[in-house]
Structures are given as structure tokens and as C-alpha cells.
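Pasting in a structure now, in C-alpha cells, and then I'll have a few things to ask.
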Protein chains: 2
Amino acid sequence: MTDIEKQTEERIFESATEIFIEKGMDGARMQDIADHAGINKALLHYYYRSKEHLFEAVFEKMAAVMFSRFSPVFDEKTSLEDKIRFFFREHISFLQKNPRLPAFILNEVNRNPARIKKLIQRYNINEFWNTLESQHHDELIRYNIRREKMAQLMTSIAAISIFPFAARGIMEVLFEKSGQDFNDYLEQRKDFAAEFVIRALKGSGTE
Amino acid sequence: MTDIEKQTEERIFESATEIFIEKGMDGARMQDIADHAGINKALLHYYYRSKEHLFEAVFEKMAAVMFSRFSPVFDEKTSLEDKIRFFFREHISFLQKNPRLPAFILNEVNRNPARIKKLIQRYNINEFWNTLESQHHDELIRYNIRREKMAQLMTSIAAISIFPFAARGIMEVLFEKSGQDFNDYLEQRKDFAAEFVIRALKGSGTE
DNA sequence: ATATGGTTTAACCGAATGGTCAAAAGTAGA
DNA sequence: TCTACTTTTGACCATTCGGTTAAACCATAT
């Protein structure tokens, strides 16, 4: 692959990413992507056979980026509580830089669930749990988190971090009306979310 | 308005609702809506001038339905904790019957934020807070919830309830892989969510 | 019966869309 | 410079889409 080819293909991919995230699969136009990349529309089909192929490339990349942000948690050799603090700080910071990513992923997955299936095959959620359990066995018992509750806890954590971005359109309007600032809210949220979850955990103990 | 006219107009509206929720504004086809309603495509334009008009009618109705589900909380003369329990039970039950509503609303709002603006004008979020404050003054002080934290708390509650439906496409695949059932998860969530939030509140007191 | 006015349809239209193709332009080796 | 190959383009195509129109249909009142 030559340098120029790489340049062109990359420019196409980046333009497609921008347009697809903004307009969605159905709303995006191949002509808009070509214009944005400064090339002829036929070139899109030269590098990516069809709109479907191009979208799939973008979607898989973005989904991988999104999911990869969950894994650093497993590298840390810290307590569960510190992991939670670390996660919210890092994850919300990441989403501040990519605020439209959650809405894009969630919408396209709901529109076509088959798309995410093969991507998810790579991840083993039970192994995910096993890792956490081995790392935090004592804490999980102390917090009375059994396997069924694990899904509840993890989805609640994800929800608290992701939802403000998924509902960004509503929240920004709501905040504007009440004189609050969405960015301030997000900054505060990094700490609030962590302490919120940790308090909920502490109160659930068997002791 | 005659009976037949009402029948037709309603059938159009219901078909449009179904198609728009499933495919979104951009993905929906006027022909599909007409077919679904069992009528000629021109009739759509006879009752609703354009696709935009038809969509707006559907969107505003669905947004109103969604928002109206937050207000019963203010009628209850119970403690804050019981209100939280009541809210999760009712709200998740409602979403179980309308599982695609959150993704539809969130996506279309993000795609075109202007659409929700005029709807939100009707609601006064500061008055909302004032009502809650007058009803639960003592509890809010005990839980150390000041005005800035109110937005954090309310959005966390909304997130915990709504997110599983917004991320339904991912969660169903994830659950299938790990041998869990999404409906069981939702049933458990009604209680889990309430106790989770209440524990988080209790731990935040000034005492 | 017939005129009136709202309702419904089949046929049609222009624009936009994803996609194709043959030729031009560019590149690199002999 | 000639040749073989890849990259890029403009023109074009078939189809789809939202929307229009004129006529048919139908219930009701006179």
C-alpha cells in the first residue's frame, strides 16, 4: 500500500466516520462523504465496495474504541473502590472527547442488532466476571454481590457514565433552561458517580 | 370529523408510529407506512402534509408519553425513599411495555435537538425542583443533597431506569452469551435499582 | 335522481441516491 | 521513452423516494 493510497483511504475513512456519526447510516449520503474527503464519489466504491461496507468498517472501529475503554479496569492492581473511581474519571473524560459516540453506537445497534453480534463474540462475559471475582473476591463477598447482581451493578455503572451522553440532546436543552452548564455537570459527575456507586455498595454488605 | 375519517387518520398515525420507531425518521419510508395502514400513499399527504409533519406528530406524542411517566412521582404523599421505589417499579414496567421508546426518543433528539426544544419549554425544571424540595425538605438535608447535586441524582435515576432499554440491542446479545435472560434482569432491576439508589443516598448524609 | 363536498385511488413527476464504467491521469520500472 | 499498472475522474444508469394531480368513489342533503 503506497503512501498516497493510505492517505486517500484514511481520509475517506475519517470523513465517513464524521458523517456517519453525525447523520447515522440512513441519513448519511455517499456524496457528502466524498465531498468531505475532497474526492470523487466513485473513489468511495473503489476503496470500499459499497455504502454498507464503508459503514461496517466505521462501525466496527468505533465499537472497538468504545469497548476497549472498559478493559483498563482489569489491569489495575487496586481496590474495587479505587477501580470504580478510576473508571468513572477515565471513562467520562474519554466520552467528553467523543461525546457523540454513545448515541451513534446505541442507535445503530438497535437499528441492526446483528451488526454487534460478531463483535461481541470476541468478548467472553463470563471470563470477564471470573477475572473480577478473582481480583476482588473478598470485597464482593463483603458487598454481598453475587453473580446475578453483577449484571445489575455493571449496567448501572455503565448507565451512569454513558447515559448523559446518550441523552445529551435533551440534557443540554434542560440545563440551558435552568441555567446550568453541561460541562460543569460532567466534571462534577466524575467524582459524584464514583462516590454514589461506592456508597451504594457499602450499604449492601452482609455485615 | 367523521368516524371513518378518524379511523383512517388514527390508523395512519398508529402505523407511522410503529414504522418510525422501528426505522427512525431517515430509515422510514412513506410507502411502508401506507402499506402498513392498508391505504394509498397519497392519503398520507392528505391527512399529514408531508413526511416531516407526520413524523413531528408521532414524535411529539411519543415524547409526551415518555415525559408524562416522570410526573406521577409528584402526586405521591410518601417518603422520598418510597417515591424512589415507586418510580423504578412503575417506570421500568412502563418501558417493558414500550421497550423501543427510549432509543427512538434519544436518537431523534440527538439527530435534531431543535425538535425537543419547544416541547421542553412547557416544563419548568426549577419548579420541578422546588416542588420536590418543599415535599422532602428534611430528607434532602439529611441526605446532603444540594441544588447542584440534584441534577446528578435525577440523571442517575433516569440513567439506571432507561439505559437498559437504550442499550437493549447490546444487552440482549451479551445476556444471551452468558446464559442470562433480559426479562429476568428487568424484573430484578425494579427492586435492585431502588435499593441501590437509596443506599447511595443514605451513605451521603451529613450526620 | 342529482348535486355537493369530503375521501381515496392510480398514475405520474422530478429530484436524489447508490452504484457503474470507460477513459484520463499518475506512477514506476525497463 | 515506452509499457504496465494503479488511482482518480466525469458522465451516466436504474431505482427509489417524497410528493402531486386529476379523476373516481361515496355518503348525505335537497
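In what follows, every chain begins at residue 1, and chains take the letters A, B, ... in the order their sequences are listed. Note that the structure is predicted; figures quoted are calculated from it, not measured.
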Given dT8(D), is OP1 or OP2 found less than 4.0 Å from the side-chain N or O atoms of Thr8(A)?
yes
His53(B) has an atom NE2; how far is it from atom C1' of dG18(D), in whole Å?
14 Å
Find the distance Ile33(A):CD1 to dG19(C):C1' and express it as a whole number of Å.
14 Å
Between dT7(D) (P) and Leu44(A) (CG): distance, integer Å:
15 Å
Nearest to the side chain of Ser50(A), heavy atoms from C-beta on, is which of dT8(C), dT8(D), dG19(C)?
dG19(C)
Rounded distance (Å) that lies between atom C1' of dG19(C) and atom OH of Tyr46(A):
17 Å
List the residues meeting ring pair (Phe, Tyr, Trp, His ring centres under 6.0 Å) with His91(A), not counting sequence neighbours, and say none if there are none.
Phe70(A), Phe87(A)
Applying ring pair (Phe, Tyr, Trp, His ring centres under 6.0 Å) to Phe86(A) and not counting sequence neighbours gives none
Summary of ring pair (Phe, Tyr, Trp, His ring centres under 6.0 Å) pairs that have at least one residue in residues 114-136 of chain B, sequence neighbours excluded
Phe67(B)-Tyr123(B), Phe74(B)-Phe128(B)
Rounded interatomic separation in angstrom, taking CD from Gln7(B) and C1' from dT8(C):
15 Å
Distance below 4.0 Å between Asn40(A) side-chain N/O and dG10(D) OP1 or OP2
yes
How many whole angstroms separate atom CG of Leu43(B) from atom P of dT20(D)?
14 Å
Can you check whether Tyr47(A) has a side-chain N or O nearer than 4.0 Å to OP1 or OP2 of dT8(D)?
yes
With distance as the sole test, does Ser204(B) use its side chain to make a donor-acceptor pair with the main-chain N or O of Tyr143(B) at under 3.5 Å?
yes
Using a heavy-atom cut-off of 4.0 Å across all strands, would you classify Ile39(B) as base, sugar-phosphate, or nothing?
sugar-phosphate
So, Lys41(B) side chain and Ala34(B) main chain: donor-acceptor pair closer than 3.5 Å or not?
no
How long is the line joining CG of Asp35(B) and P of dG18(D), in whole Å?
12 Å
Quick one: Tyr48(B) OH to dT20(D) P, roughly how many Å, whole number?
17 Å
Test ring pair (Phe, Tyr, Trp, His ring centres under 6.0 Å) applied to Phe163(A) - qualifying residues, sequence neighbours left out:
none
Are any protein N/O atoms closer than 3.5 Å to N/O atoms in nucleotides 12-17 of chain C? If there are, list each pair with its distance.
from    : atom 1 : to       : atom 2 : distance (Å)
dT17(C) : OP1    : Arg29(A) : NE     : 2.9

Could you pull out all residues at least two apart from His36(A) that satisfy side-chain hydrogen bond (donor to acceptor under 3.5 Å, both in side chains)?
Ser15(A), Glu18(A)
